[in-house]
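In what follows, a single structure is set out as structure tokens and then discussed.
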Amino acid sequence: MPELPEVETTCRGIAPHIEDNTITHVIVRNRSLRWPVPTALHAKLKDQVVRSVTRRAKYLLLNTDAGTLIIHLGMSGSLRILAIDEIVDKHDHFEIQFKDGYCLRLRDPRRFGAVLWTKEDPLQHKLLINLGPEPLDKKFTADLLFEKSRKRKTSIKQFIMDAKIVVGVGNIYASESLFLAGINPKKAAGKITKAQSQDLVKAIKKILTAAIKQGGTTLKDFKSSDGKPGYFQQKLKVYDRKGSDCLKCNSPIKQITLGQRSTFYCSSCQK
DNA sequence: ACATTGACCTGGGAGC
DNA sequence: TGCTCCCAGGTCAATG
């Protein structure tokens, strides 16, 4: 579920419920996520007020006066605001309970997600410090993409999914952006032209912006117990459409593997 | 510095 | 129904 738009949606969805709210309990039901969930989080967070909820790449940052909780949703994680007495699922590994009787509950069946703690500036954390620009930030420009891609032999698709280049472009939106930009995902990153860099940066920004807007719809029923989206599915032009007609030229959409990830494109529209 | 591969997990669907 | 196999929205660490 979590591509960048989903994480952004989660961020916007939970912020109003937990900002300025006081933590009463922290419950770790399963420490075995991608990295062990730190012990003694309860001691660190009890009576702390969540000052703000922010996002960097696909990391959510819960900022308090004592430090910052860094949460990553991995492949299958989701965060919901629930009443404390809501039934606990076997994949509900972690939760923060608040004074108002609600909690922030992390469900993550595959346990690729992470819950980390830092007392320092979270942006200086080992996992965040080397990240590239946010895709919707002014710093993510065609010039930057073009310059960084010179002499790179990797495919343009793997290149834009590299978080050192730009964050937040996941597997779905990489394919979608390349379709919109008319670029073959197999093309060597070092071979894209300046014009293509321009098209691609515009495409990434456009797709992610549109997807975040769609996420706004999910926000509404965020408090309900079903936290399952699927709101952007209807907008996808190539992802998961192998064999279907290209919406531009009617050729069959192809599926290939690049860097062990499924990749979808139109061999007629994308050169 | 870059490219490639394996690793971490569970659940769902396809095929038999 | 049930088994096996394959695939999945992420990304770090190890290796060459």
Side-chain angles (χ1 to χ4, degrees), chain A residues 1-11 29-37 55-60 70-79 89-94 106-116 125-132 134-135 145 147-179 185-191 204 207-208 210-212 214-215 218 227-243 255-264:
Chain A
M1 318 188 189
E3 288 245 7
L4 184 99
E6 180 68 17
V7 179
E8 177 63 23
T9 299
T10 298
C11 184
R29 298 195 172 86
N30 187 348
R31 298 199 340 116
S32 170
L33 300 187
R34 169 140 202 201
W35 293 284
V37 177
R55 178 187 64 73
R56 172 72 173 109
K58 292 172 188 163
Y59 295 93
L60 286 164
I70 302 173
I71 301 177
H72 196 288
L73 300 176
M75 290 276 255
S76 60
S78 62
L79 280 171
D89 180 84
K90 64 170 168 173
H91 300 300
D92 291 345
H93 306 309
F94 175 81
L106 173 69
R107 176 174 296 180
D108 185 6
R110 292 178 72 182
R111 290 190 276 119
F112 289 172
V115 175
L116 303 166
H125 189 277
K126 184 193 169 195
L127 294 174
L128 308 204
I129 192 157
N130 291 317
L131 294 173
E134 289 288 324
L145 192 76
E147 292 308 328
K148 290 213 173 189
S149 63
R150 294 309 84 189
K151 299 189 177 172
R152 292 291 298 267
K153 290 184 175 163
T154 194
S155 71
I156 186 63
K157 194 232 184 189
Q158 288 170 274
F159 186 70
I160 59 172
M161 289 181 71
D162 180 347
K164 289 196 288 301
I165 305 304
V166 58
V167 301
V169 182
N171 200 38
I172 293 176
Y173 291 113
S175 284
E176 294 296 315
S177 301
L178 287 161
F179 175 76
K186 283 185 288 190
K187 192 178 179 79
K191 293 280 179 61
I204 289 169
I207 295 264
L208 291 177
I212 289 170
Q214 293 293 308
T218 309
K228 295 180 182 175
Y231 52 91
F232 53 71
Q233 189 101 3
Q234 62 245 40
K235 301 257 177 179
L236 300 180
K237 298 226 167 44
V238 289
Y239 187 84
D240 209 20
R241 294 194 66 243
K242 180 188 182 182
Q255 175 174 9
I256 58 172
T257 298
L258 290 174
Q260 300 168 314
R261 309 300 298 278
S262 285
T263 306
F264 300 84

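Convention: sequence-line order gives letters A, B, ...; per-chain numbering from 1. Nothing here was measured: the structure is a model prediction, and the numbers come from that model.
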Checklist line | Beyond-backbone contact of A:Leu4 with A:Tyr173, side-chain heavy atoms, under 4.5 angstrom | finding: no

Next item on the list: Work out which heavy atom in A:Leu258 is nearest to a heavy atom in A:Pro185; give both atom names and the distance.
Entry: CD1-O, 3.6 Å

Notebook entry, point to check: When the distance from CG of A:Asn171 to P of C:dC7 is rounded to whole Å, what number comes out?
Noted result: 14 Å

Note to self: Does A:Lys126 reach a base, just sugar-phosphate, or nothing at all? Heavy atoms under 4.0 Å.
What the structure shows: sugar-phosphate

Margin query: Can you identify which nucleotide, out of B:dC9, C:dT11, B:dA3, has its nearest atom closest to the A:Arg261 side chain?
Written below: C:dT11

Check: Given the P atoms of B:dT5 and C:dC7, what is the spacing between them in whole Å?
Finding: 16 Å

Next item on the list: Could you tell me whether a side-chain N or O of A:Ser76 sits under 3.5 Å from a main-chain N or O of A:Arg110, the two making a donor and an acceptor?
Entry: yes

Check: Considering only the C1' atoms, how many Å lie between C:dG9 and B:dA3, rounded to the nearest integer?
Finding: 24 Å

Check: Should A:Asp108 and A:His91 count as side-chain neighbours, where that means a heavy-atom distance under 4.5 Å?
Finding: no

Check: With a 4.0 Å cut-off on heavy atoms, is A:Lys151 in touch with a base, just the backbone sugar-phosphate, or nothing at all?
Finding: nothing

Next item on the list: Identify whether a stacking contact exists between A:Phe112 and B:dC9, where the ring centres must be under 5.5 Å apart and the planes under 30° apart.
Entry: no

Checklist line | A:Thr263 and A:Gln255 side chains, donor-acceptor separation under 3.5 Å | finding: no

Margin query: Between A:Arg55 and A:Glu134 (salt bridge meaning N to carboxylate O under 4.0 Å), is one present in this structure?
Written below: yes

Item checked: A:Asp92 CG - B:dG11 C1' separation (whole Å) -> 15 Å

Next item on the list: Using the P atom as the reference point in each nucleotide, state the distance between C:dT11 and B:dG12 in Å, no decimals.
Entry: 23 Å

Margin query: Need one value for A:Lys148: base, sugar-phosphate or nothing, where a base atom within 4.0 Å counts as base even if backbone is also close, heavy atoms only.
Written below: nothing

Check: Please give, in whole Å, the distance from B:dA3 P to A:Ile156 CD1?
Finding: 12 Å

Notebook entry, point to check: In whole Å, what is the span from the CD atom of A:Gln260 to the C1' atom of C:dA14?
Noted result: 13 Å

Checklist line | Watson-Crick or G-U counterpart of C:dT4, or none if no pair lies under 3.5 Å | finding: B:dA14

Check: Looking across every strand, which nucleic acid part, if any, lies under 4.0 Å from A:Arg152 by heavy atom: base, sugar-phosphate, or nothing?
Finding: sugar-phosphate

Notebook entry, point to check: Given C:dC12, is OP1 or OP2 found less than 4.0 Å from the side-chain N or O atoms of A:His72?
Noted result: no

Next item on the list: Taking only the side-chain nitrogens and oxygens of A:Lys58, find out if one of them lies under 4.0 Å from OP1 or OP2 of C:dG10.
Entry: yes

Note to self: Applying a 4.0 Å non-hydrogen cut-off, can you work out what A:Gln158 is touching in the nucleic acid: base, sugar-phosphate, or nothing?
What the structure shows: nothing

Next item on the list: Please work out if A:Tyr59 contacts a base, only the sugar-phosphate, or nothing of the nucleic acid, heavy-atom cut-off 4.0 Å.
Entry: sugar-phosphate

Notebook entry, point to check: Which one, B:dC9, C:dA8, C:dG10, comes nearest to the side chain of A:Glu3?
Noted result: C:dG10

Next item on the list: Measure distances between side-chain N and O atoms of A:Arg110 and base N and O atoms of B:dC9, and say whether any donor-acceptor pair falls under 3.5 Å.
Entry: yes

Margin query: Please compare A:Gly259 and A:Lys90 by the position of their nearest nucleotide in DNA chain B and report the one closer to 5'.
Written below: A:Gly259

Notebook entry, point to check: Between CD of A:Glu3 and CD of A:Glu176, what distance do you get to the nearest 0.5 Å?
Noted result: 9.5 Å

Check: Are any of A:Tyr239's side-chain N or O atoms less than 4.0 Å away from OP1 or OP2 of C:dA8?
Finding: no

Next item on the list: Searching all strands shown, indicate the nucleotide that pairs with C:dC12 (Watson-Crick or G-U wobble; both distances under 3.5 Å).
Entry: B:dG6

Checklist line | A:Asp240 CG to B:dG12 P, straight-line distance once rounded to whole Å | finding: 17 Å

Item checked: Sugar-phosphate only, base, or nothing, as touched by A:Leu73 at under 4.0 Å among non-hydrogen atoms -> nothing

Item checked: Integer-rounded Å distance: B:dT10 P and A:Arg34 CZ -> 15 Å

Next item on the list: Provide, to the nearest angstrom, the distance between the CE atom belonging to A:Met161 and the P atom belonging to C:dT11.
Entry: 8 Å

Next item on the list: Check the distance between C:dT11's P and A:Asp108's CG and give it to me in whole angstrom.
Entry: 13 Å

